[in-house]
Amino acid sequence: TALVVAAYAPVGNRAAVDAVLLAGPGRAIDTVTVPTGFVGSSELADLVVAIATESERRTTGALNLPAQGVYPLTVSITRGDEVIGELLTFVHRLPAVDDTTSRPLHVAVAMSTSTDVTLDDVTMASTGEVRIDEAMIAELDSLAAVLDQSPVPVATRVLPAVIDTLAGGPGSETGVAVLDSLRAALVGDDVLAGPVLPLDPSAAADAGQQGLYSQWLRTGEDVLAAVASSSPQRTVVLLDRAPSAAGGALLRELGARLFVFTAKAYEQLGTTTSTGPTASTVITDASGVVDITVAGGATVPGVVVDPRIATLLGQSATDPTQRAVIAATYLLAERERLVAAGDDPSRHGVVIATADLGLPN
């Protein structure tokens, strides 16, 4: 029985990654075979095998990775000529230490709660009360769990009125416990500002209620400050539908410096050009940034959630580790594409989120 590790031609873009996942990696450029005895091993045992690599010369005992890049890799267990187990993965061969192409590609993670809220009477003089139900509690528990698991900072959007109601409602032991859990989970993350109640900025601006939206936004920031580890951020706005021209201008006037669109919301820009903001160009890659023109001719930079990783996050993960490998490979392949085009990866960024900006599994 032997372990066979094979490397294949590097992938230079996301489409090449898709091709490997769909049709296989093709013909190996180098292989290393390690004789080993798997028979009798426990299914729970970890097996660690060191595989030497080389870049300048080719020998039989090392895997040749001649240049920087993202290489498909298969790890196979063979018995004679029979392959009895195989795994497809990827390895990133780093550039030389003094290589100017080693600059990073910026990556941001965003998510938001999405459970519908039920409000008591809401008037110009009163924000009413939010009715808390089990679904809302469960979603906040899930948010805290996801934030605890994330090794990177997350831009998080949560409805301020829910936080406010949990903190002050009668018999709120459960609410206080949820808030304590959420407060601990949000340490090091960015909480995105929002109005105290789900008031759409476009609806407010189109109705001439910019002052009301601004007032509710300030109240929402005060509420969110109770759970955020830093001041709530107005500079980034998550958009799951395209704003109107006036709504986009209102957000800009209140501090928005980056619009993050879902793919669906960005597509709506092309169908609402008479009343909505327009994009300077079509985003053709996940790391692209475009200028969004709002009312008055002002512009706001806009980006779109990475569609391939959004699809991965939306699927049930029977093998989450493999899913994570594929997501990371998409990011590295995008970086390789930029380097090959002579572009500086550090001038680009990718936003990771689900297709609807909700909580990932």
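Separation of atoms CG (Leu217) and CG (Leu250) is listed at 8.5 Å; rounding is to 0.5 Å. Of the inter-residue distances, the one linking Ile309 atom CD1 with Leu331 atom CG reads 4.0 Å to the nearest 0.5 angstrom. Rounding to the nearest 0.5 Å gives a distance of 3.5 Å between OH of Tyr330 and CG of Asp18. Between atom CG of residue Leu3 and atom OG1 of residue Thr33 there is a gap of 8.5 Å, rounded to the nearest 0.5 Å. With values rounded to the nearest 0.5 angstrom, His348 atom NE2 is found 8.0 Å from Glu334 atom CD. In this structure, CG on Leu147 lies 4.5 Å from OG1 on Thr156, to the nearest 0.5 angstrom.
The shortest heavy-atom contact between Val350 and Ser287 is CG2-CB, 4.0 Å. In terms of heavy atoms, Leu166 sits closest to Val178 at CD1-CG1, 4.4 Å. The shortest heavy-atom contact between Pro160 and Gly194 is CG-O, 3.5 Å. Smallest separation of non-hydrogen atoms from Ala242 and Leu269: CB-CD2, 3.8 Å. The heavy-atom pair separating Leu359 from Glu139 by the smallest distance is CD1-O, 3.5 Å. Minimum heavy-atom separation, Pro345 to Val339: CG-CG2, 3.7 Å.
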field: Intermediate values then yes/no, side chain to side chain contact (heavy atoms under 4.5 Å, CB included), Leu238 and Val305
entry: CA-CA 10 Å; Leu238 306 183; Val305 169; over 6 Å; no

task: List the steps and the verdict of side chain to side chain contact (heavy atoms under 4.5 Å, CB included) for Leu332 and Phe90.
output: CA-CA 10 Å; Leu332 291 168; Phe90 296 84; over 6 Å; no

Pair Leu65-Ser55, side chain to side chain contact (heavy atoms under 4.5 Å, CB included): steps then yes or no:
CA-CA 5 Å; Leu65 306 175; Ser55 59; 5.9 Å; no

TODO: Could you go through the side chain to side chain contact (heavy atoms under 4.5 Å, CB included) check for Val260 and Arg157 one step at a time?
DONE: CA-CA 12 Å; Val260 178; Arg157 182 179 65 183; over 6 Å; no

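Remark: side-chain polar atoms of Arg335 are not paired, donor with acceptor, to backbone N or O of Pro104 under 3.5 angstrom. In this structure, Ser112 contributes its side chain and Leu357 its backbone to a donor-acceptor pair below 3.5 Å. No donor-acceptor distance shorter than 3.5 angstrom exists from the side chain of Glu86 to the backbone of Ile84, with no hydrogens or angles considered. At least one donor-acceptor pair closer than 3.5 Å links the side chain of Arg323 to the backbone N or O of Leu312. Formation of a donor-acceptor pair under 3.5 Å by the His106 side chain with backbone atoms of Ser346 is found in this model. A distance-only check finds a donor-acceptor pair linking the side chain of Ser142 to the backbone of Ala138 [under 3.5 Å]. Under a 3.5 Å cut-off, the side chain of Arg257 and the backbone N or O of Arg252 do form a donor-acceptor pair. Although no hydrogens or angles enter the test, the distance criterion places a donor-acceptor pair under 3.5 Å between the side chain of Glu54 and the main chain of Thr59. The closest donor-acceptor contact from the side chain of Thr329 to the backbone of Val325 lies under 3.5 Å. The main-chain N or O of Asn64 is found under 3.5 Å from a side-chain atom of Asp30 such that the two form a donor-acceptor pair.
In this structure the side chain of Val158 reaches within 4.5 angstrom of the side chain of Leu140, judged on heavy atoms. Residues Arg347 and Arg103 are not in side-chain contact: their nearest non-hydrogen atoms beyond the backbone lie 4.5 Å or more apart. Contact annotation: the side chain of Val20 never approaches that of Tyr8 to less than 4.5 Å [non-hydrogen atoms, C-beta and beyond]. Between Asp356 and Thr354 the shortest side-chain heavy-atom distance falls below 4.5 Å. You'll find the side chain of Leu182 reaches within 4.5 Å of the side chain of Ile163, heavy atoms only. Looking at Arg14 and Arg337, their side chains never come closer than 4.5 Å, going by heavy atoms from C-beta outward. Pro153 is listed as a side-chain neighbour of Asp189, based on a closest heavy-atom distance under 4.5 Å. At least one side-chain heavy atom of Leu21 sits under 4.5 Å from a side-chain heavy atom of Leu88.
Follow the hydrophobic side-chain contacts under 4.5 Å out from Val49 and you reach Val91 in the same cluster. Transitive grouping of hydrophobic side chains (ILVMFWY, heavy atoms separated by less than 4.5 Å) brings Leu212 and Leu159 into a common cluster. Criterion: ILVMFWY side-chain heavy atoms under 4.5 Å apart, direct or through other members. Under it, Val154 and Val146 are part of a common hydrophobic cluster. Under a hydrophobic clustering in which Ile, Leu, Val, Met, Phe, Trp and Tyr are joined whenever their side-chain heavy atoms come within less than 4.5 Å, directly or via other members, Val152 and Leu143 fall into the same cluster. Residues Leu63 and Val34 fall within the same hydrophobic cluster, defined by Ile, Leu, Val, Met, Phe, Trp and Tyr side chains chained together at heavy-atom separations under 4.5 Å.
Under 3.5 Å, the side chains of Asp206 and Ser244 contain a donor-acceptor pair of N or O atoms.
Ionic pairing of Lys264 and Glu267 is not present here: no N-O contact between side-chain nitrogen and carboxylate oxygen is shorter than 4.0 angstrom.
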